[in-house]
Amino acid sequence: MLTINQFIQFIKDNTIDYVDFDYSLWLTWCLTPLVVTFLLPVVIALLLYLSAFTLYIYKLHWGRLRTALITGDKWEAARKVVAIIWDAHGWIWHGYEISGLENLPVNGPALLIYYHGAMPVDIYYFLAKVYLSRNRIVHTVADHFLFKIPGFSILSDCMRVIPGTVQSCSKLLKEGNYLAIAPGGVYEAQFSLNYSLMWKRRLGFAKAALESKVPVIPIFTENLREAFRTMHLGRRLFLKLYTWTKLPFAPIYGGFPVKMVTHIGRPIYYEPDLSPEDLQMKVAASLEELIKTHQRIPGNILLSILDRIPYLRKRLKSGIVHRFV
């Protein structure tokens, strides 16, 4: 039997629990409409701007899209739309340009070797601009783990992204295509410092180039690592994790609106006496020369943003402004 005091205490305890539960439930009911009330206008505004942006692209590029629809290629029109969106994004956010486009063969094949940034947005802009200006697709080789990400398969089908073997790359080049490869891959993206090449002994691209007898063209994007960077804190741990899994674990931060210019170097033509090792060294030296010529080392995010202003860019290149920043 419960005493009166025990009964009263039992009622109090259960009443408090009920009140606490009722209060938390009431708070949830009150705050949910409030959150939705503020979030929905933002979402609607974003959708409206996205719609306006899409219609603006449609208005400016209807001729290209109509031609793409007539060709019969199921991806042609979609590829044009994607390319236009990326080209517009590159121009707005990074003032993106290409320097040395004349070094790309107009009709023939070419193997494009590029430096891999922490986030390779430059290659997206590059593919879009080459496609729109030359009407040619740049096939690209991507790391195997990307093909396991949900939603990536449709992008790879449309934009011609492949895992890449020596045989498949050689076949694409023999068919007269452009093919872009970053020999450093994820390893270079995660752990490169001051734009250092980190190719190890990767010779696949050189073997494919020699087998297909095509020119190799180095390309480098200025200020790429000032747009996105990887965290150096915990570098040893991330390196061990990468060694074990071959997956990128180092966190990436950035999105800074720095000036980006992709510089296309001179072609390195096929020579029958070159070994894969010799060709790798030759391409690496050419790419390092591009980096040395066009990149401020060590990088500086503020100066890279100031590069967006043509007057300041000229003075920064001459070193006048650099002394006062």
I'd like to know if [Y] and [X] are part of one continuous hydrophobic network [Ile/Leu/Val/Met/Phe/Trp/Tyr, side-chain heavy atoms within less than 4.5 Å].
| X | Y | result |
| --- | --- | --- |
| Phe228 | Ile297 | yes |
| Val261 | Ile219 | no |
| Leu241 | Met198 | yes |
| Leu203 | Val216 | no |
| Met159 | Leu146 | yes |

| query | With respect to Ser168, which candidate in Val166, Leu172, Thr165 satisfies the side-chain contact (heavy atoms from CB on, under 4.5 Å) definition? | reply | Thr165
Using atom types as modelled and distance alone, determine if a side-chain donor or acceptor of [X] lies under 3.5 Å from a backbone N or O of [Y].
| X | Y | result |
| --- | --- | --- |
| Arg134 | Leu101 | yes |
| Asn300 | Leu302 | yes |
| Arg229 | Gly254 | no |

| query | Do the side-chain N and O atoms of Tyr115 and Arg225 include a donor-acceptor pair separated by under 3.5 angstrom? | reply |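 Result is yes, a qualifying pair exists.
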Which heavy atom of [X] sits nearest to which heavy atom of [Y], and what is that distance?
| X | Y | value |
| --- | --- | --- |
| Ile123 | Ala180 | CD1-CB, 4.5 Å |
| Ile264 | Gly100 | CB-O, 3.4 Å |
| Pro218 | Ser286 | CG-OG, 3.2 Å |
| Pro267 | Asn103 | CG-O, 3.6 Å |
| Val161 | Ala142 | CG1-CB, 3.5 Å |
| Ser304 | Asn223 | OG-OD1, 3.1 Å |

Side chain to side chain, [X] and [Y], heavy atoms closer than 4.5 Å:
| X | Y | answer |
| --- | --- | --- |
| Thr221 | Val121 | no |
| Lys259 | Leu312 | no |
| Leu274 | Gln280 | no |
| Tyr270 | Leu210 | yes |
| Ile98 | Val130 | yes |
| Asp278 | Lys282 | no |
| Ile217 | Pro105 | yes |
| Asp273 | Glu271 | no |

Can you tell me how far apart [atom1] ([X]) and [atom2] ([Y]) are? Round to the nearest 0.5 Å.
| X | Y | atom1 | atom2 | value |
| --- | --- | --- | --- | --- |
| Thr230 | Arg235 | OG1 | CZ | 7.5 Å |
| Ile291 | Glu222 | CD1 | CD | 11.5 Å |
| His232 | Leu193 | NE2 | CG | 5.0 Å |
| Ser192 | Leu197 | OG | CG | 7.0 Å |
| Lys80 | Asp87 | NZ | CG | 11.5 Å |
| Gln295 | Leu224 | CD | CG | 8.5 Å |

| message | Are there over 12 heavy-atom neighbours, none belonging to Lys292, within less than 6.0 Å of that residue's NZ? | response |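 No, NZ of Lys292 has 12 or fewer neighbouring heavy atoms, counting only those of other groups under 6.0 Å.
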| field | Val283 vs Phe205, side chain to side chain contact (heavy atoms under 4.5 Å, CB included): CA-CA, chis, key distance, verdict | value | CA-CA 10 Å; Val283 175; Phe205 79 90; 4.1 Å; yes
| request: Pick out which of Phe238, Tyr242, Trp199 makes a ring pair (Phe, Tyr, Trp, His ring centres under 6.0 Å) with Tyr187. | output: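 Answer to the ring pair (Phe, Tyr, Trp, His ring centres under 6.0 Å) test with Tyr187 among Phe238, Tyr242, Trp199: Tyr242.
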| said: Please determine whether side chain to side chain contact (heavy atoms under 4.5 Å, CB included) holds for the pair Ile137 and Arg79, giving the CA-CA distance in whole Å, both sets of side-chain angles, and the decisive distance to 0.1 Å. | reply: CA-CA 9 Å; Ile137 300 170; Arg79 197 180 292 120; 3.6 Å; yes
| field | Any residue meeting ring pair (Phe, Tyr, Trp, His ring centres under 6.0 Å) with His116, in chain and number order, not counting sequence neighbours | value |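 Not a single residue meets the ring pair (Phe, Tyr, Trp, His ring centres under 6.0 Å) criterion with His116.
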| said: Is the ring pair Tyr125/His94 parallel, tilted or perpendicular, if the boundaries are 30 and 60 degrees? | reply: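 Plane angle between 30° and 60°, so tilted.
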| Has Lys129 got its NZ or CZ under 6.0 Å from the middle of the six-membered ring of Tyr96, at an angle within 45 degrees of the ring axis? |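 Negative - Lys129 is either too far from the ring of Tyr96 or too far off its axis.
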| query | Hey, do the aromatic rings of Phe126 and Tyr114 have their centres closer than 6.0 Å? | reply |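 No, ring centres 6.0 Å or more apart.
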| task | Check step by step if side chain to side chain contact (heavy atoms under 4.5 Å, CB included) holds for Val141 and Leu179. | result | CA-CA 8 Å; Val141 173; Leu179 176 65; 4.0 Å; yes
| request: Before giving the answer on side chain to side chain contact (heavy atoms under 4.5 Å, CB included), spell out for Arg296 and Asp307 the whole-Å C-alpha distance, their side-chain angles and the decisive distance to 0.1 Å. | output: CA-CA 11 Å; Arg296 182 188 301 109; Asp307 280 337; 3.2 Å; yes
